Amino acid sequence: MDQKKIGSFIAARRKENGLTQSQLAEKLGITDKAISKWETGKSMPDLSLLCPLCDLLQITLNELLLGEFISDENLKEKSNQVLFEVVTSWLGKDQWKRKTEGHIPAVLKLRHVGKRYENGSTSTVAVHDVSFDIAKGSFVGIMGASGSGKTTLLNMVATIDKATGGQIEIDGQDISELSENDLASFRREHLGFVFQEYNLLDTLTVYENIALALTIKRIPKEHVKRTITDLAEKLNISEILYKFPYEISGGQRQRCACVRAIATNPSLILADEPTGALDSRCAKQLLDTFVMLSQEYGSTVLMVTHDALSASYCDKILFMQDGEIKTSLEREQEGKHEFFTRILDTMAKIAGGVHYVS
Ligand SMILES: Nc1ncnc2c1ncn2[C@@H]1O[C@H](COP(=O)(O)OP(=O)(O)OP(=O)(O)O)[C@@H](O)[C@H]1O
């Protein structure tokens, strides 16, 4: 990305739209100095400002990042080039470290798992003959078009829904053998949930919400405080621990829910479209958190996502189609952007040459 070229393009488009630096700054709610820095190529607009800036300058995001207009005949080639560069810079430093140690035990084992819904005379096979293992410390994504069975599969692993065939083992326990009562405590002991609805209790502060999860597990008070302080610092929510959920942003709530999910040190963290409600900066923070948790804490994360960019943070992706695992991709010793490209290619192949979007 050529920052100087982008800067000159911003300046030219601003003038063509009859705006002074101050007027543009005011519309974006930032300082004149920031605009001046962009236009001289000294800095780039924050991600959250890119779209409003494009609206004001009447250009597309691709044109902004390329620093020039894109003609119709160049649209495909140039758009891909821009996308690649943006994704590379957006993803930042590659944090992935290949796990080379010997045998890593499986936290989750699925064997020939199936789910059939019966509604009167209609019968739907949502999941069919799915088998895989997930090793401790991995971050695995499940992708697939709408209706391919991702949520059904995740809900069965989450013990929210029951499989109609096959076997699911978490931490060596076959979950079909557990009674309803046992399931509730099994969930508390072994699983952490990061779903789009944050489920934080509004009458408790963030600290109390997290502490509650630990208290239910009868963890000593001194340990509760240390755990929360430590994790809050790692997930950048120390400043808001004593606020109520309605006083903080969606991204902060999501990170609080994440701390709550992991504070109990679950064997398996289950995430269903966790970045769906987040802006790109918060989404990146949450995904970086999952990477850190799996690499530094040995947490195991299973995440359903539609989004190839989110998936590029994972170690492995399982692609579902019509209730089955169609194929899988493992991350090699490669950067996120290369993995991202391979994910896009696989998605396109599965969709018969057409990329599906969320
Ligand atoms: N409770 C239910 N009763 C009957 N059919 C269901 C039920 N839940 C899901 N299905 C069907 O099972 C199939 C898989 O649905 P599922 O929600 O798991 O897909 P998905 O990949 O998560 O989709 P999306 O990405 O849109 O959330 C679909 O055909 C869906 O209509």
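In what follows, every heavy atom counts, from backbone to side chain, and hydrogens, waters and symmetry copies are set aside. Numbering of ligands and ligand atoms starts at 1, following listing order. In this chain, residues are counted from 1 in sequence order. Remember, predicted model here, so these are calculated numbers, not experimental data.
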Self-check item: Shortest non-hydrogen contact between Leu200 and Arg253, atoms and distance
Solution: CD1-O, 3.7 Å
Quiz item: Between Thr152 and Asn155, does any side-chain donor sit less than 3.5 Å from a side-chain acceptor?
Solution: no
Quiz item: Between the side chains of Ser176 and Asp174, does any donor sit under 3.5 Å from an acceptor?
Solution: yes
Quiz item: Do we see a donor-acceptor contact under 3.5 Å between the side chains of Thr164 and Arg116?
Solution: no
Quiz prompt | Validation row, ring centre Phe69 to ring centre Phe9 under 6.0 Å | solution = yes
Practice problem: For Gln21 and Asp32, test the side chains for any donor-to-acceptor distance below 3.5 angstrom and give the result as yes or no. | Solution: no
Under a 3.5 Å threshold, I'd like every N/O contact between ligand 1 and protein atoms, with atom names and distance.
| unit_1 | atom_1 | unit_2 | atom_2 | d |
| --- | --- | --- | --- | --- |
| ligand 1 | 18 (O) | Thr152 | N | 3.0 |
| ligand 1 | 18 (O) | Thr152 | OG1 | 2.5 |
| ligand 1 | 19 (O) | Gly149 | N | 3.2 |
| ligand 1 | 21 (O) | Gly147 | N | 3.4 |
| ligand 1 | 21 (O) | Ser148 | N | 3.1 |
| ligand 1 | 21 (O) | Ser148 | OG | 3.4 |
| ligand 1 | 21 (O) | Gly149 | N | 3.0 |
| ligand 1 | 21 (O) | Lys150 | N | 3.1 |
| ligand 1 | 21 (O) | Lys150 | NZ | 2.8 |
| ligand 1 | 22 (O) | Thr151 | N | 2.9 |
| ligand 1 | 22 (O) | Thr151 | OG1 | 2.8 |
| ligand 1 | 23 (O) | Gly147 | N | 2.8 |
| ligand 1 | 25 (O) | Lys150 | NZ | 2.7 |
| ligand 1 | 25 (O) | His306 | NE2 | 3.2 |
| ligand 1 | 26 (O) | Ser146 | OG | 2.5 |

